[in-house]
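Worksheet: one structure, shown below.
Naming convention: chains lettered A, B, ... in sequence-line order (proteins, then strands); numbering from 1 in each chain. Every heavy atom of this structure was used, including side-chain atoms; hydrogens, water molecules and symmetry mates were not.
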There are 2 protein chains.
Amino acid sequence: MTVNIKDVARVAGVSVSTVSRALGEGPVSAEVREQVQAAVRATGYKPNLSARRLRSQRTQTIGLIVADIRNPFFTAVGRAVEDAAYRAGMRVILCNTDEDPAREALYLTLMQEERVTGLIFAPTRATLDRLQADALDFPMVLIDRAGPGGQFDTVLLDNREASATLVDHLVSRGYTRIGGLFGATSTTGVERRDGYLAAMAARGLAGEARFVPPSAEAAENAAAAWLRQPDRPQALLVSNGLFLTGVVKAARTLGLRIPQDIAVAGFDNEPWTELVEPGLTVIEQPVETIGREAMTLLFQRLRTPDAPTRKVVLSGRCVARGSTAALPRT
Amino acid sequence: MTVNIKDVARVAGVSVSTVSRALGEGPVSAEVREQVQAAVRATGYKPNLSARRLRSQRTQTIGLIVADIRNPFFTAVGRAVEDAAYRAGMRVILCNTDEDPAREALYLTLMQEERVTGLIFAPTRATLDRLQADALDFPMVLIDRAGPGGQFDTVLLDNREASATLVDHLVSRGYTRIGGLFGATSTTGVERRDGYLAAMAARGLAGEARFVPPSAEAAENAAAAWLRQPDRPQALLVSNGLFLTGVVKAARTLGLRIPQDIAVAGFDNEPWTELVEPGLTVIEQPVETIGREAMTLLFQRLRTPDAPTRKVVLSGRCVARGSTAALPRT
DNA sequence: GCGCTTAGTGGTAACGTTTCCACAAAAATT
DNA sequence: AATTTTTGTGGAAACGTTACCACTAAGCGC
């Protein structure tokens, strides 16, 4: 029923191989190429990508597995990845794991069945440990989260540096009792915690880090509990944009003013962080660059499979706003 | 190199057809089924989806074409669609058009080439007009935007009602000079404009609607220009969540207080709309429902291709906040 | 004018599945 | 006991492409 390459060949008066060549690469006379194009238009032929993929063994598909596309960081990175992919004539299959290792495993086998050309993956720590075991038969680039050794191509933020920048910023504004709220399931959370603790220690300050499950609600609850304590910190360092909404909400609910009662510094420069008074101090991640760079690494890996593994570490930009205004001198 | 169904058959000591049946439906003795499963485990066999799709003529793939996944409305709807799809054993191909009809056309042919099982699409007005012409050979469900007649299955918000609700709300709070800012490229913008104008007229008030290109920046510029006018409106009705950031930013830049100098009411109940003082009054769209319902319509259409077209119109919920606080009586 | 490359074309065998058909054996029905 | 139905299995033909090979005709260097 649906028209195939054979029909086009018949209409154009040439062989199927010639049609195939005319549509793709290969030596075809200008005359025949036009006949074929005319036949394609006349018949309304649309190549069947499943057949093409099966025969050519090239799926032109890249997988993208992230925690949750609703996390603004992944939204932006995902969009950048998709743009780069479509520009290169590739499709993207997007999967949301909600940081659930079982779903990560599920989607990994899906990627195998799809025979993806490559994979861009933001794994949980649990999966990261298990990743070396089951050898994938396509290249993989990790984003946002890094394995221990340089096993895989990776592109991520310099998380320790970024945390340290925030700590330094807070300390320079007079804050000393600074708490930190981090995502429990990612290496990112751990790295940001480490950077935070190291920077605090370097200043001779004691830090307190708390880990929470990766949702705004969990962050809100954790922040509310923390801020209700009589010896609550003066400032909170918040590990991502999702958490930020929860923390600000908790502060509002408790009637705490920012920054007078509680200062806030976090990650991810979402548009709204500028709009919520008095503006939130954040580390801006180069999200487009991360997505684009991940695709670049992937393409390079495909071209030179045996090249040494590369880790692209990008610096965040600190955007200082009112949420970390200087403490009044005592 | 990569193991195929033939290898599994050899290892299991049965024919390929038996393996195929054992893996899918079909009568297979329990004994043989186990042998096959053992062989699958032993060989590490992963079915090749391209081959399966080609042979079975079922791609189990649904297309999702939206303006921009970074628009929080589409982010949420997209996530709901993906969840429903994966639950049903289907994959999703996501495309961002940036409201560009050329890219819409491009992606539509891509969907044809992919032989998608069905399509969920938020088209621009331009494409909507052209849509009936080129018959697609798969069912399509429109989201967020509706065609003129009931040509296609559709799920969207009751936009006129929602706009009217906001107008009523504003009027009841004492506002009379209310402007409206709408997206230029979608029927959604038009419908919300119509609802706004109708509600204004019903109250004996003159409305002024302005259309802007679909980006936060464009909204910011338009709002800034409008609010700089000496006879600026008392309140602004803002057509979507992307625009809201722009409008609030413009107000801040101009030093206008919300709601004293300019009241704001909009669409999309994003977490941050609660946090930006004094809280933004918005229409909350049932985003998960929209995504899920779109998939439901699609599946029903697949089951009964000739059933009459259906249009699911959902009501928004008005969340009143400080940005539309009552005007002091004069 | 002779070999030699090259451009252009057609025939056909894959790619890895599913599905149809045939058939035997077992089970159910008469 | 004879027939019919069901269950389980294998063989082989698709699905719609691309890629390999063979071949002709034309161009080129000498």
Per atom distances to the A:Pro27 side chain, the nearest of D:dT9, D:dG16, C:dA7 is C:dA7

Here the distance between atom P of C:dG11 and atom NZ of A:Lys6, to the nearest Å, is 12 Å

Separation of D:dG16 atom P from B:Gln112 atom CD, nearest Å, is 15 Å

Practice task
For B:Arg58, answer base if it contacts any base atom (sugar-phosphate contacts may also be present), sugar-phosphate if it contacts only those atoms, and nothing otherwise; contact means non-hydrogen atoms under 4.0 Å.
Solution key: sugar-phosphate

Tell me if the CD atom of A:Gln37 is crowded by more than 12 foreign heavy atoms within 6.0 Å. yes

Between the main-chain N or O of A:Asn96 and the side-chain N or O of B:Arg79, is there a donor-acceptor pair closer than 3.5 Å? no

| message | Any side-chain to backbone donor/acceptor pair from A:Thr187 onto A:Ala146? Under 3.5 Å, distance only. | response | yes

To the nearest angstrom, the CG-P distance between B:Asn4 and C:dC15 comes to 8 Å

Separation of C:dG16 atom C1' from A:Asn48 atom CG, nearest Å, is 14 Å

Picking from D:dT18, C:dT17, D:dT17, the nucleotide nearest the side-chain atoms of A:Ser56 would be D:dT18

From CZ of B:Arg52 across to P of D:dG16 the rounded distance in Å is 18 Å

Is a donor from one side chain sitting under 3.5 angstrom from an acceptor on the other, for A:Thr43 and A:Asp7?
no

note: B:Leu54, atom CG; D:dA14, atom C1'; distance rounded to Å ~ 9 Å

Charged N to carboxylate O under 4.0 angstrom, B:Arg53 versus B:Glu114?
no

To the nearest angstrom, the CZ-P distance between B:Arg53 and C:dC15 comes to 20 Å

**Message:** Please determine whether any donor N or O and acceptor N or O are separated by less than 3.5 Å between the side chain of A:Arg55 and the base of D:dT17.
**Reply:** no

Sorted by number, residues from residues 8-24 of chain B placing a heavy atom under 4.0 Å from DNA chain D are B:Val14, B:Ser15, B:Ser17, B:Thr18, B:Arg21

Practice problem: Spell out, as yes or no, whether a donor-acceptor pair under 3.5 Å connects the side chain of B:Glu104 to the backbone of B:Thr124. | Solution: yes

Rounded to whole Å, the CD1-C1' distance (B:Ile5 to D:dC15) equals 15 Å

Can a side-chain donor-acceptor contact be found between A:Thr117 and A:Thr61 if the only test is distance below 3.5 angstrom?
no

* Asked: So, is B:Gln57 near the phosphate of D:dA14, with a side-chain N or O under 4.0 Å from OP1 or OP2?
  -> no

